[in-house]
Amino acid sequence: MKKFKFISALVVAMLMAVLVVGCSNDAAGGDGNKSGKKSKGKVNVGIVLPTKDEPRWVQDETRFHDALKDSEYTTEILFSQGSSAKEKENVETLLNKGIDVLIIAPHDGPAAGAAVEAAKKDGVTVIAYDRLITDTKGIDYYVTFDSVAVGEAQGQYLIDHAADGKDIPLYLYAGAASDNNAFLFFEGAWKVLQPKIADGTFVIANSSAAEALKDKAELSRDELGKVLGQVTTNWDANEAKNKAQTHLTAASKELKGEVAVLAPNDGTSRAIADVFGTDPDVSKYVITGQDAEKASIQYIIDGKQSMTVFKDVRTLVADAMGMAVDILDGKKPETTGSYDNGSIEVPAKQTDVIVIEQENVKSELIDSGYYEESEFKGL
Ligand code: BGC
């Protein structure tokens, strides 16, 4: 799977200003009507998100609702609760309500192919949201953050903030192998960490598969798959916690002390941090994250998580809805590059990410109005 091909300098188009879309969940029952705005029972834009169990996706739901307040188009948001079967059912429900555009963040990238192909067959334009749907011709567009840059930022943070000297124990964790992003995040992290593993700055503490590849600057999809197979959290905090406990139980004293931990996102980072934070032989840990979840911002303020990668969901929502409105208005959406999904080149719009640590919580998250200061203690 190739990563994003960047065509022009990224312009974060503040589409909010032109968004005249809104959310109306009163569109019960479908009339299959493929035209018209707010006709009875008609939903113009169907949105399918992976799970309500992770704050990341609840954030997206909230931001969609915020952006959709004064819409002339109707939308409906459904959650798949970590099940590809439920996801397919959600898409069918929305097709029966006559949607013209489907915005979907798949639970499982390859498995979502069948659902979006059904939508395409019905004449619907499909926009993959945040996560790419792989190995299918069934998608038209992709809106995403720069996922390789997320991993690079995490890796670079560990390099810049880990202990001085050599042989610093490095614990690697990754997302779910069913999510293309997990590959991109790890690819980005590996790109910056690998030279520092090869020169002996870091010593991999918990993955024989990564250790065996330590002299390879670029990993193939299969090689990445091998490492992910060993250190995946499946995006699950409990799995992350259990793995961290197993790793620390097995680790010798040389693999403790001051350590660095690549944690793929905030939910898993907090779970792993809790384990490392209570091991008496771990004197200091530097740990990454992503999503700027509120609970992790509090962890960062409290010094329990080192950083997070902020992906401003307002921009992603604006991009996705901006594209949907263009499509509904018969215009061609603007894209800035493309992603190879294993089957086709998908025209894409990509957004940059920002590293958050204690010092810039206030300037990036509070002053920009993303969160309220009162939502945190000790800021
Ligand atoms: C998203 C992350 C999220 C993870 C787990 C990824 O595809 O890009 O923001 O933390 O899935 O849900």
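Both counts, for ligands and for their atoms, begin at 1 and track the order of listing. These numbers were taken from a predicted model, which means no experiment stands behind them.
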Aromatic rings Tyr173 and Phe276: how do their planes relate, parallel, tilted or perpendicular, breaks at 30° and 60°?
perpendicular
Which residue and atom name correspond to the protein heavy atom nearest atom 4 (C) of ligand 1, and how close is it?
Trp235 CE2, 3.5 Å
Counting non-hydrogen protein atoms only, what is the nearest one to atom 10 (O) of ligand 1? Give residue, atom name and distance.
Asp291 OD2, 2.6 Å
Going by the atom numbers of ligand 1, which of them fall below 4.0 Å from some non-hydrogen atom of [X]?
{"X": "Glu54", "value": "5 (C), 12 (O)"}
{"X": "Arg131", "value": "4 (C), 5 (C), 6 (C), 7 (O), 11 (O), 12 (O)"}
{"X": "Phe185", "value": "8 (O)"}
{"X": "Asp179", "value": "6 (C), 7 (O), 11 (O)"}
{"X": "Arg56", "value": "1 (C), 2 (C), 8 (O), 9 (O)"}
{"X": "Asp130", "value": "1 (C), 7 (O), 8 (O)"}
{"X": "Lys311", "value": "1 (C), 2 (C), 8 (O), 9 (O)"}

Cluster check Ile366, Ile354: I/L/V/M/F/W/Y, side chain < 4.5 angstrom:
yes
Would you call [X]-[Y] a salt bridge at under 4.0 Å N-O?
{"X": "Asp274", "Y": "Lys241", "value": "no"}
{"X": "Asp266", "Y": "Arg270", "value": "no"}
{"X": "Asp140", "Y": "Lys120", "value": "yes"}

Ring centroid separation Tyr370 to Phe310 under 6.0 Å
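Ring centroids of Tyr370 and Phe310 are less than 6.0 Å from each other.
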Does the cation-pi check pass for Lys196 over Phe202, that is, NZ or CZ under 6.0 Å from the six-membered ring centre and within 45° of its axis?
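Not satisfied by the 6.0 Å and 45° rule.
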Please verify whether a non-hydrogen atom of Phe145 lies at under 4.0 Å from ligand 1.
no
